[in-house]
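What follows is a short report on a single structure.
Everything quoted here is computed from the prediction, not taken from an experiment.
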Amino acid sequence: MSKAPNRHRERHSLDIGTRQMTRRIRGIDRVIQVLSTVTPQAGFMTRQENMQLVDALRAAIAGRVVSQACDDWPAARLAWHTHVPQEPAAIVYATCLDDVQNTVRVAAAFGCSVSAQPRGHGATAHTADDAVLLRFDGMDEIVVQEDSVRVGAGTTWRDLNAALDGTGVTSLPGSNGDTTVVGYTLSGGLSWFGRKYGLAAHHIRAVDAVNASGDVVHVTADSDPDLFWALRGGGGEFAVVVAMELDLLPAPRIYGGRRLWSIEHGTALLRAYGEITKTAPDELSLWAWLVSMPDIDGVPEPLRGRALVGFGMAYLGEREEAEQLLAPLYAVAQPESGAYSELTTAQIASIAAEPDDPMPGMGRTHLLTGLTDLTIDSLLDEITCGYSPLQVVQIRHLGGALTKATTTDGPVGIIEEPYMVLLGAAAVSPQLHGQIRQAFDRVTADLLFSISGRVPMTFAAGSSIDQIFMPTALARLREIKERVDPNNLFRGNYPLATRSYPYW
């Protein structure tokens, strides 16, 4: 592996240093003064209690606190998927470790949960209701070492991919550069390079987190094996993660991009895709898109109002090898637009070209046991029928290293299914919500015999937690949750709680 240069914005040891300890002591003194006047409450807050909570947070932290009385509250409370309903008690923009610790302590004193939501790409309905919504203003350190990288809670994939540009190594980025590395990885992390290297969560080396007492804990496989296991894909229910150390992996050559074909070739192209992916090497990740382009301004004229088939690719190797693997697609028809080329890590997000700005997107995801002709026909029928509100159907080829993991690596363990299908639509008005759900249900029914019933946490919106984890792993996660957060202070996107808690 090539040695990565030592780039960083702010150097931190994974152990809490003297400077951090000094800040902690000052912060604790400050928050103790605030909490000495508070009587813990439970359940939903009155208006007066909410105002007291906000005042206590503002007295205890350096970052910004947004309350329901602020002008920017309506926008600030939204998740990245703006249609997801959430009514938090307050929003904290933490600027440093002290802010996170003091937020946790103040929230606990008021009987209020804490829900860490850096961006909200994976937000689920109502899980942040009446909680302190914790976001990160900064806390985006990147420290590149010889074979690992340390990132802060606010670091995005766009920033990390740029920091690794030209090093010949990579972490395991997903399709969108706007998501935070920590949030994505805690949820498992399905990467463009997952077929070669597995889930991002399985490459966590160490975690720094604030626990339910407001103390900083350094979690490794040696220091707390159970909590370390839970954090490698179990979500945000155990602590507020403020930094993590991840493996760096070889990526000396990346060839990829996305190209588009006319939908008239859809059946033949998707069948060719199925043949390619049956025998593809682990270095190749090939995803298929069926897209229905709206007839609106802003969409280029050749694409406006049309349905298209696209294939996005990331190949860890040489151009000639990748193009040879794609030959069956070219044998069907030549693409109309797009390109494949050599890429740098900073260009990875351009393959999927997903939007950065928040939007009212709705989605549903299924893991598939296979890509049958019936599955292909059903997906094409939905995107071309003329009345479906669906705008995107994406098929991801999985397999490779994802099939070689075990439950010792993390709670997700092995992903045996060879494909994943994602259905997407823009819910630009509430009136569309019902139509979109009907379309999701229609496709789900058509694919019933190919759906395994499992869903990755990163894409599990609308699913239950027992579709994410196998029963044994779920039971272990709940035992760990009970040990490290017995009052259920921390609230993730997919709650593990099986009984009532004071913070709910």
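Atoms CD and CG, from Q86 and L133 in turn, are 5.5 Å apart once rounded to the nearest 0.5 Å. Once rounded to the nearest 0.5 Å, the distance linking CD of E342 with OH of Y315 reads 12.5 Å.
In this view, E354 satisfies the salt bridge (charged side-chain N to carboxylate O under 4.0 Å, His left out) rule with no residue, not counting sequence neighbours. With sequence neighbours left out, R232 forms a salt bridge (charged side-chain N to carboxylate O under 4.0 Å, His left out) with no residue at all. By the salt bridge (charged side-chain N to carboxylate O under 4.0 Å, His left out) test, D381 is found to be paired with no residue, residues two or more places apart in sequence or in another chain being considered. Under the salt bridge (charged side-chain N to carboxylate O under 4.0 Å, His left out) criterion, E416 pairs with no residue, sequence neighbours left out. Under the side chain to side chain donor-acceptor pair (under 3.5 Å) criterion, D356 pairs with R158, not counting sequence neighbours.
Sorted by first then second residue, the salt bridge (charged side-chain N to carboxylate O under 4.0 Å, His left out) pairs that include residues 318-332, not counting sequence neighbours, are R253-E318.
In this structure, H397 and Y419 have tilted ring planes: the angle between them lies in the 30° to 60° band.
Inter-residue side-chain proximity for W80 and M359 is flagged as met; some heavy-atom pair is nearer than 4.5 Å.
Between R476 and E479 there is no salt bridge, since no side-chain N of the basic residue sits under 4.0 Å from a carboxylate O of the acidic one.
Here the side chain of E382 pairs no donor or acceptor atom with the backbone of L379 at under 3.5 angstrom.
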